[in-house]
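What follows is one structure encoded as structure tokens, with my remarks underneath.
In each ligand, atom 1 is the first atom listed, and ligand 1 is the first ligand listed.
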Amino acid sequence: MKTIYWTVDKNVDDVRNYPQVKEAAELLTNNEVVAFPTETVYGLGANACSNEATAKIFVAKGRPSDNPLIVHIADQQQLKQLVEQIPNQAEKLMTAFWPGPLTIIFKKKQGMLADNVTAGLDTVAIRVPDHPLALRLIRESQLPLAAPSANCSGKPSPTSAKHVLDDLNGKVAGILDGGETGVGVESTVVDCTTDIPVILRPGGITKEELEAVVGEVTLDPALKNANEQPKSPGMKYKHYAPNAPMILLDGSREWLQQQIDQERAQGKKVGLLTTEEATTFYKADVILPCGNRADLTTIAHSLYDVLRAFNEADVDIIFSEVFPYEGVGLAIMNRLEKAASHQWRKQKES
Ligand code: AMP
Ligand code: MG
């Protein structure tokens, strides 16, 4: 398949972009799949009401069929057509965070969505993205768009159209290039079908921000213990993985340098994920700064680009610094732990 590539002006919603967006929307109404930017990562969109269309997402990504998709809508009017009820807590969260990086799980209305969007569950995950191009595309197509991240399953999510092209060229009908995404990690997924909302996947909106709006919010136990069965099917899969094995290092800079030196002494090409303020301290084969430790949102923004860059640098092993499990740090550490398949080295144990 020849993939159409449209370049559109970043973050503007005006006539300069309309012809490209219109063409992309036409493909979507014809049940084709199109990648588009959101404020979190690039999404791979398809008509959420068509099994034929959404099946193409699973094929293009190589996504396991039991992993349901997030449905992207433009406003709350569209929501009422898709869900059975809107609980109070969900209402408050939508008012506070939509459009934005918050996905809410609702009881689904029967017979509206393609079966493979919800993978056999009686619930559906929905959000309103905070990106003018994404919103224009949804409105233009007049469809709810099922859209997982636009990467090959298991790989780091795409934060630029180049990442999408690297993974999906020739496998999707089109890619709408609207520049780099902002937040850099995916949306927070919160289940509002229970009395107390439960975070199933940490993301762009923090637990602290949610609690400021609805009071108590809990974490799915699987987020704290890798042996628990997660409530969100997608969370059980290996994810975000660079090609080389990755190990998380928890210790002083001097101790980290010792770990690097040991591997290099065995002839390995060692990559290090660190932050801007520490790069000059270390000696390794490939040192990639990922944002600034003083502001965790900068780390989230760059994380996937850095994980992908290690593939291009062709390292044998990647070491990564670790970050506090607070604010967006919770999402960052969730992604890093998965990227590293939970492999840690801790100074105090050595
Ligand atoms: P992705 O679109 O690749 O960022 O992943 C979407 C995430 O939302 C995955 O972890 C899915 O398992 C999760 N998800 C989607 N729909 C549901 C649902 N109905 N219940 C629980 N988790 C869901
Ligand atoms: Mg994904």
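Ordered by chain and number, Ser149 OG make up the set of protein N, O or S atoms under 2.8 Å of the Mg ion (ligand 2).
To the nearest 0.5 Å, atoms CD1 (Ile199) and OG1 (Thr188) are separated by 6.5 Å.
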Write none if no such pair exists; otherwise list each N/O atom of ligand 1 with its protein N/O partner under 3.5 Å and the distance.
{"from": "ligand 1", "atom 1": "3 (O)", "to": "Arg63", "atom 2": "NH1", "distance (Å)": "2.9"}
{"from": "ligand 1", "atom 1": "4 (O)", "to": "Arg201", "atom 2": "NH1", "distance (Å)": "2.8"}
{"from": "ligand 1", "atom 1": "5 (O)", "to": "Arg201", "atom 2": "NH1", "distance (Å)": "3.4"}
{"from": "ligand 1", "atom 1": "10 (O)", "to": "Ser232", "atom 2": "OG", "distance (Å)": "3.3"}
{"from": "ligand 1", "atom 1": "12 (O)", "to": "Asn67", "atom 2": "OD1", "distance (Å)": "2.9"}
{"from": "ligand 1", "atom 1": "12 (O)", "to": "Ser232", "atom 2": "OG", "distance (Å)": "3.1"}
{"from": "ligand 1", "atom 1": "12 (O)", "to": "Gly234", "atom 2": "N", "distance (Å)": "2.7"}
{"from": "ligand 1", "atom 1": "19 (N)", "to": "Thr123", "atom 2": "O", "distance (Å)": "3.3"}
{"from": "ligand 1", "atom 1": "19 (N)", "to": "Thr123", "atom 2": "OG1", "distance (Å)": "3.0"}
{"from": "ligand 1", "atom 1": "22 (N)", "to": "Ser232", "atom 2": "OG", "distance (Å)": "3.0"}

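There is a side-chain donor-acceptor pair under 3.5 Å between Glu337 and His342.
Side-chain atoms of His301 do not come within 3.5 Å of backbone N or O of Gly184 as any donor-acceptor pair. One N or O on the side chain of Gln78 and one on the backbone of Ala74 form a donor-acceptor pair closer than 3.5 Å. In terms of modelled atom types and a separation under 3.5 Å, the side chain of Thr3 and the main chain of Gly170 share a donor-acceptor contact.
Of the candidates Arg264, Lys268, Lys269, Asp285 forms a salt bridge (charged side-chain N to carboxylate O under 4.0 Å, His left out) with just one, namely Arg264. Tested against Trp98, the residues Asp130, Val128, Asp75 include a single side-chain contact (heavy atoms from CB on, under 4.5 Å) partner, Val128.
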Ignoring hydrogens and angles, write down the donor-acceptor pairs under 3.5 Å from the side chains of residues 217-231, residues two or more places apart or on other chains.
{"from": "Asp220", "atom 1": "OD2", "to": "Lys231", "atom 2": "N", "distance (Å)": "2.8"}
{"from": "Asn225", "atom 1": "OD1", "to": "Asn227", "atom 2": "N", "distance (Å)": "2.9"}
{"from": "Lys231", "atom 1": "NZ", "to": "Asp191", "atom 2": "OD2", "distance (Å)": "2.4"}

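Residues in residues 100-117 take part in these side-chain hydrogen bond (donor to acceptor under 3.5 Å, both in side chains) pairs, two or more places apart or across chains: Asn51-Asn116, Thr54-Asn116, Thr103-Ser187, Lys108-Thr118.
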